[in-house]
Amino acid sequence: MKYDVAIIGGGVVGALTARELMKYKLRVCVLEAKDDVALGASRANSGIVHGGFDPVPGTLKAKLNVEGTRIMKTLVRELDVHYRQNGSMVLAFCEEEVEHLKKLYERGIANGVPELYLISGEEAKKREPALSESVAGALVCDSAGIICPYDLTVAAMGNAMDNGADLFCDFPVTAIEENGGIYTVKSGEKAIEATYVINSAGVGADTVAAMVGDKYTITPKKGEYLLLDRSEGGLVSYTIFQVPGAFGKGILVSPTADGNLLVGPTSELTEKGDVTITLAGLDKIKAIAARSTEKINYRKVIKSFAGLRSSCADSEDFIIEFSKNAPRFIELVGIESPGLSSAPAIAVYVAEMLRADGLAMEANESFNPTRTSCRHFGTLSMEGKNEMIKADPAFGHLICRCETVTEGEILAAIRQNPPARSLDAVKRRTRAGMGRCQGGFCTTFITELLAKEQGIDETEVTKFGGSSYMLCGKTK
Amino acid sequence: MMNYDIVIVGGGPAGMAAACAAYDNGTENILIVERDNALGGILRQCIHNGFGLHRFGEELTGPEYAARYAKMVAERGIDYIVDTMVLSLEKGEEGTVVTVMNSERGVFCINAKAVILAMGCRERPRGALSIPGTRPAGVYTAGTAQRYVNIKGKMPGKNVVILGSGDIGLIMARRMTLEGAKVHVVCEIMPYSGGLNRNIVQCLNDFDIPLKLSTTVAKIHGGERVTGVTIAKVDSNMRVIPEESEYIECDTLLLSCGLLPENELTSAAGIALDPITGGAVVNENRETEMEGVFACGNVLHVHDLVDYVSEESAVAGKSASEYIKNGAKKAALMGTVKIEKGNGVRYTVPQKIDVTGANEEVKVYFRVGKIYEGVNLKVSMNGEQVSSAKKRKMAPGEMEFVKIKKSVLDAAPNGTLKIEIVE
């Protein structure tokens, strides 16, 4: 099959771009190196939909962040994604930092950020009683929100697929050739053809760019996080930042869209692929977060994890441009924070670039912008639930006790686009195994469901694709 | 709406024992709600022996112990529903409204005059331990591995390191060895084991599996599947000593680092929990701070032996039955004795004793915070010594109890009872 557009990378930007392109009569595919979408930066990040006061005015980051955050509010309804406009608060702890807040405020106004204002330290503590005594002032942005980044990515990819896009997983791109106006994108023996190619490979974007002769250097920065039990999710209601400064930037304390409490991230230059958790990193998180609030109960940590930012050494701003060396090849490089917030706007921006380059973009009247999440059941009333259980008794069978996930929801995750093929993929879609016992009870049941649905043996079920097998064989 | 005198949440050893005791006390309209497909709870996967020595005077396997109680439930004709999850508890006009869900009937409500919570506990996962390193496949809690091996007949791995010397970890060290796996070592971060002594002897020593105390897993290695772990000694603050570490090649890490009572339902209902036990705060009847709601077994506090679970659950079952018989009218309360945790005592259950004059002798269970040898266990009321007993050895892994006489309670119904270790 020959595609109009091939997107390399199934992260939030790739998935949303694919979905955006399905609004037109185009043949689109997404090429993902791993066994599922949202496995790079889109899996492990803060899940913040930023207001947009941080980027320097006039940059792509500023423009696309503010626009993306605006689009996000409609998008999450169409895609049935958990999102909460909880607002954000940047804290200052001394007069000097209060001055810095004013600069951030002015920047925000220049960027067109709505619902942005300064408050006193007293007012901040009144709104957030858990905050430390030493808070001297805060910048509040009520238009900021929180979202589950992989939920958004899965939903966007699923909706794109429902509208006809193709997803190729386990397709790490190894070579790109252009011949007579057609690109051949190869992954070992496998290959697809496309007129346009979009490099949205995140941390791997420099490697992919090099295949067409473009030189960029990705310098991945690792961020480690601590995730706390839902019982702690109410410690703060805003996303709490600190003024960037001597203590580094970016250790936030925030509720998550699913009601947990998130603390992190650190920021350390590292190598690609390094998402190890370190004692030093976790200690650092605790030390810096303590400035914002001393009331974090670390006994309630249920998970520590790390993600990589796709920072680019060549530019502070996002790089979104046509390749200088290859025609019809768009480079999306250095899509670090606020990449998640900007993603919906990046998708529109890229579509416009394609149109301007001459790609015929005829509206697709049959485009359906909505998708129902496999987690929809949990949001229903008792009557609604009973209707679904009547139609499919699997919805009455509870599998994950911590997060109240039913067999019906897990089967939906395995069956709907993009299908979950591993335990972690089920977990990301349904939250089964994401609660306080972290899969202690439900893992064996989900292994069984995955095997049955895919017609494979349980020993072939993986945690996250590749050779991440859960079992090694039978007992004696 | 369905109506029952007592609804019991959980059909494991606690729920079944509570049901039988309530029934035998004259309350017959009982429903047990079980989320799994049969009664028995976690005992169904505990195929090893060692259960029932106190309760039945003989050594049974887990499934055998569970079957005895299931038989007692059946003989009494006590109602139970399986594959059914309790979603919430709410105060109703009369008693408690229990909302449940199953495949057959969907979501529905049951009215209960009294409720007994018996949901058991779960294992502390890797995340809660924040072990540095990668996050590959091959890291399981010991109980998950136990289910794979004993129920599903599948092996989670062949080269095993176990972190934590809780009883399930010790049992799984032996189990994995019997199934042909190589268990390299059991690491315990504390300077003593959290498991029963008999399990250390029978599951580790008998199989030449080393137990390394004051040792933890400092790092997990491996991209897709575990390829090894770095184990290291810890100092007295439980911080890793990097100089005293070693790398062990393995494909599996099992965790047995403590059990956590499963109290989502309890806290969602607004019932106060004890931060140490993780279970509800209860009086001597195992009644929580929500009237007519009782708790027993591992959901209340983690027990070392199922025999004690049965004993405690019988107290809760009988109390719930009494509560119903008396039409929710409590015997005149003379006062509440507060139980104070003295030196060395981590927690007590119950946390308080309501004195009505009708009390019998009250057994107060407790656990100590470290290993004690040749000490005295002192009990005092309002500062005056009630009893003192010599103890040869006390360990955090083994539950202890003291009996408090009726006369002591009646004499000081609003007193403070202190339990302490005198070194």
Enquirer: From B:Arg147 CZ over to A:Phe441 CZ, what is the distance, rounded to the nearest 0.5 angstrom?
Expert: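 The CZ atom of A:Phe441 is 9.5 Å from CZ of B:Arg147, to the nearest 0.5 Å.
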
Enquirer: Where on A:Arg299 is there a heavy atom nearer than 4.5 Å to chain B: the side chain, the backbone, both, or neither?
Expert: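 Just the side chain, heavy atoms under 4.5 Å.
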
Enquirer: Check whether A:Leu226 gets within reach of chain B through its side chain, its backbone, both or neither, counting any heavy atom under 4.5 Å.
Expert: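 Interface part for A:Leu226: side chain.
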
Enquirer: Any Lys/Arg nitrogen of B:Arg135 or A:Asp424 sitting under 4.0 Å from an Asp/Glu carboxylate oxygen of the other?
Expert: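 No, this pair does not count.
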
Enquirer: Measure B:Met85 against the heavy atoms of chain A and call it side chain, backbone, both or neither at under 4.5 Å.
Expert: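 For B:Met85, the side chain is the part near chain A, not the backbone.
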
Enquirer: Do B:Ile151 and A:Thr444 come within less than 4.5 Å of each other through their side chains, counting heavy atoms only?
Expert: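 They are not in side-chain contact.
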
Enquirer: Sort A:Asn297 into side chain, backbone, both or neither according to what part of it lies under 4.5 angstrom from a heavy atom of chain B.
Expert: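 Looking at A:Asn297, nothing touches chain B.
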
Enquirer: Heavy atoms only, distances under 4.5 angstrom: which of A:Thr404, A:Asp229, A:Thr447 has the most pairs with chain B? Name it, please.
Expert: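 Ranked by heavy-atom pairs under 4.5 Å with chain B, first place is A:Thr447.
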
Enquirer: Do B:Met155 and A:Lys474 come close enough that some side-chain heavy atom pair is under 4.5 Å?
Expert: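 A side-chain contact under 4.5 Å is absent here.
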
Enquirer: With side chains defined as the heavy atoms from C-beta onward, is the minimum distance between A:Glu407 and B:Ser103 less than 4.5 Å?
Expert: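 Side chain of A:Glu407 against side chain of B:Ser103, heavy atoms only: no contact under 4.5 Å found.
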
Enquirer: Side chain, backbone, both or neither: which part of A:Thr406 has a heavy atom under 4.5 Å from chain B?
Expert: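 The side chain, not the backbone.
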
Enquirer: With heavy-atom distances below 4.5 Å as the criterion, would you say the side chains of A:Thr278 and B:Lys219 are in contact?
Expert: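 No, too far: nothing below the 4.5 Å cut-off.
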
Enquirer: Side chain, backbone, both or neither: which part of B:Ile42 has a non-hydrogen atom closer than 4.5 Å to chain A?
Expert: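 For B:Ile42, the contact with chain A is made by the side chain alone.
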
Enquirer: Tell me, for B:Leu87 versus chain A, whether the close heavy atoms (under 4.5 Å) come from the side chain, the backbone, both or neither.
Expert: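 The side chain, not the backbone.
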
Enquirer: Would you mind checking which part of A:Phe305 comes under 4.5 Å of any heavy atom in chain B, side chain (CB onward), backbone (N, CA, C, O), both or neither?
Expert: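 Answer is both: backbone and side chain atoms of A:Phe305 are under 4.5 Å from chain B.
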
Enquirer: Testing the basics here: between B:Gly106 and A:Ile389, what is the closest heavy-atom pair and its distance to 0.1 Å?
Expert: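 Here B:Gly106 and A:Ile389 meet closest at CA-CD1, 3.5 Å.
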
Enquirer: Which bit of A:Leu282 comes within less than 4.5 Å of chain B, counting heavy atoms only: side chain, backbone, both or neither?
Expert: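 It is the side chain, since no backbone atom gets that close.
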
Enquirer: Pick whichever of A:Ala394, A:Gly273, A:Ser304 has the most heavy-atom pairs under 4.5 Å with chain B.
Expert: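 Of the options given, most contacts go to A:Ser304.
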
Enquirer: Mind checking the NZ-CD spacing from A:Lys463 to B:Glu224? Nearest 0.5 Å is all I need.
Expert: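 Reported value, rounded in 0.5 Å steps: 12.0 Å.
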
Enquirer: In terms of heavy-atom pairs under 4.5 Å with chain A, which of B:Met101, B:Arg105, B:Glu264, B:Glu179 leads?
Expert: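 Top count of heavy-atom pairs under 4.5 Å with chain A: B:Glu179.
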
Enquirer: Under a 4.0 Å N-O cut-off, is there an ion pair linking B:Lys152 with A:Glu448?
Expert: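 Salt bridge present between B:Lys152 and A:Glu448.
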
Enquirer: Select one option (side chain, backbone, both, neither) describing which atoms of A:Phe464 are under 4.5 Å from chain B's heavy atoms.
Expert: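 Just its side chain gets close to chain B.
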
Enquirer: Just wondering, more than 12 heavy atoms not from A:Glu460 lying within 6.0 Å of its CD?
Expert: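 Enclosed: over 12 neighbouring heavy atoms sit under 6.0 Å from CD of A:Glu460.
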
Enquirer: How long is the straight-line distance from CZ of A:Phe395 back to CG of B:Asn102, given to the nearest 0.5 Å?
Expert: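 B:Asn102 CG to A:Phe395 CZ: 15.5 Å, rounded to 0.5 Å.
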
Enquirer: For the residue pair B:Arg225 and A:Ser467, confirm or rule out a side-chain donor-acceptor distance under 3.5 Å.
Expert: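 The answer is no; no qualifying pair exists.
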
Enquirer: Calculate, to the nearest 0.5 Å, the distance between atoms OG1 and CD belonging to B:Thr144 and A:Gln438 respectively.
Expert: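 Rounded to the nearest 0.5 Å, the OG1-CD separation comes to 11.0 Å.
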
Enquirer: At a heavy-atom separation under 4.5 Å, does B:Arg124 approach chain A through its side chain, its backbone, both, or neither?
Expert: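 Looking at B:Arg124, nothing touches chain A.
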
Enquirer: Tell me which of these, A:Leu423, A:Asp392, A:Val301, has more heavy-atom pairs under 4.5 Å with chain B than the rest.
Expert: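 Maximum pair count with chain B is reached by A:Val301.
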
Enquirer: Nearest heavy-atom pair of B:Cys109 and A:Met382: which atoms, and what distance?
Expert: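 So the minimum-distance heavy-atom pair works out to SG-CE, 3.6 Å.
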
Enquirer: For the residue pair A:Ser468 and B:Ala137, what are the closest heavy atoms and their distance?
Expert: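 Smallest interatomic distance, heavy atoms only, reads O-CB, 3.4 Å.
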
Enquirer: Shortest non-hydrogen contact from B:Arg122 to A:Cys437?
Expert: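 Shortest heavy-atom contact: CD-CB, 3.1 Å.
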
Enquirer: Does CZ in A:Phe171 sit with more than 12 non-hydrogen atoms of other residues, nucleotides or ligands closer than 6.0 Å?
Expert: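 Yes - once you tally the heavy atoms of other residues, nucleotides and ligands closer than 6.0 Å, there are more than 12.
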
Enquirer: Working to the nearest 0.5 angstrom, can you tell me the gap between B:Leu265 CG and A:Arg401 CZ?
Expert: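 Here the interatomic distance stands at 12.5 Å.
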
Enquirer: Given a strict heavy-atom distance threshold of 4.5 Å, which part of B:Glu104 is in contact with chain A: side chain, backbone, both, or neither?
Expert: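 Contact with chain A involves no heavy atom of B:Glu104 at all.
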
Enquirer: Counting only N and O atoms by type, is there a donor-acceptor contact under 3.5 Å from the side chain of A:Asn386 to the main-chain atoms of B:Val107?
Expert: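 Yes; judged by distance alone, with no hydrogens or angles, the pair exists.
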
Enquirer: So, B:Tyr148 versus A:Thr475: side-chain donor-acceptor pair below 3.5 Å or not?
Expert: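 The answer is no; no qualifying pair exists.
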
Enquirer: Check whether A:Lys385 gets within reach of chain B through its side chain, its backbone, both or neither, counting any heavy atom under 4.5 Å.
Expert: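 Only the side chain of A:Lys385 comes within 4.5 Å of chain B.
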
Enquirer: Return the CG to OG distance between B:Asn263 and A:Ser231, rounded to the nearest 0.5 Å.
Expert: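 It is 11.5 Å, given to the nearest 0.5 Å.
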
Enquirer: Are the side chains of A:Leu398 and B:Arg35 in contact, using a 4.5 Å heavy-atom criterion?
Expert: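 No, too far: nothing below the 4.5 Å cut-off.
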
Enquirer: With only heavy atoms counted, which part of B:Thr99 is less than 4.5 Å from chain A, the side chain, the backbone, both or neither?
Expert: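 Side chain only.
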
Enquirer: Can you name the nearest heavy-atom pair linking B:Tyr140 to A:Tyr469, along with the distance?
Expert: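 In this case the closest contact between B:Tyr140 and A:Tyr469 is OH-O, 4.2 Å.
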
Enquirer: Indicate the atoms forming the closest heavy-atom contact of B:Thr134 with A:Thr276, along with that distance.
Expert: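 Looks like CG2-CG2, 3.6 Å.
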
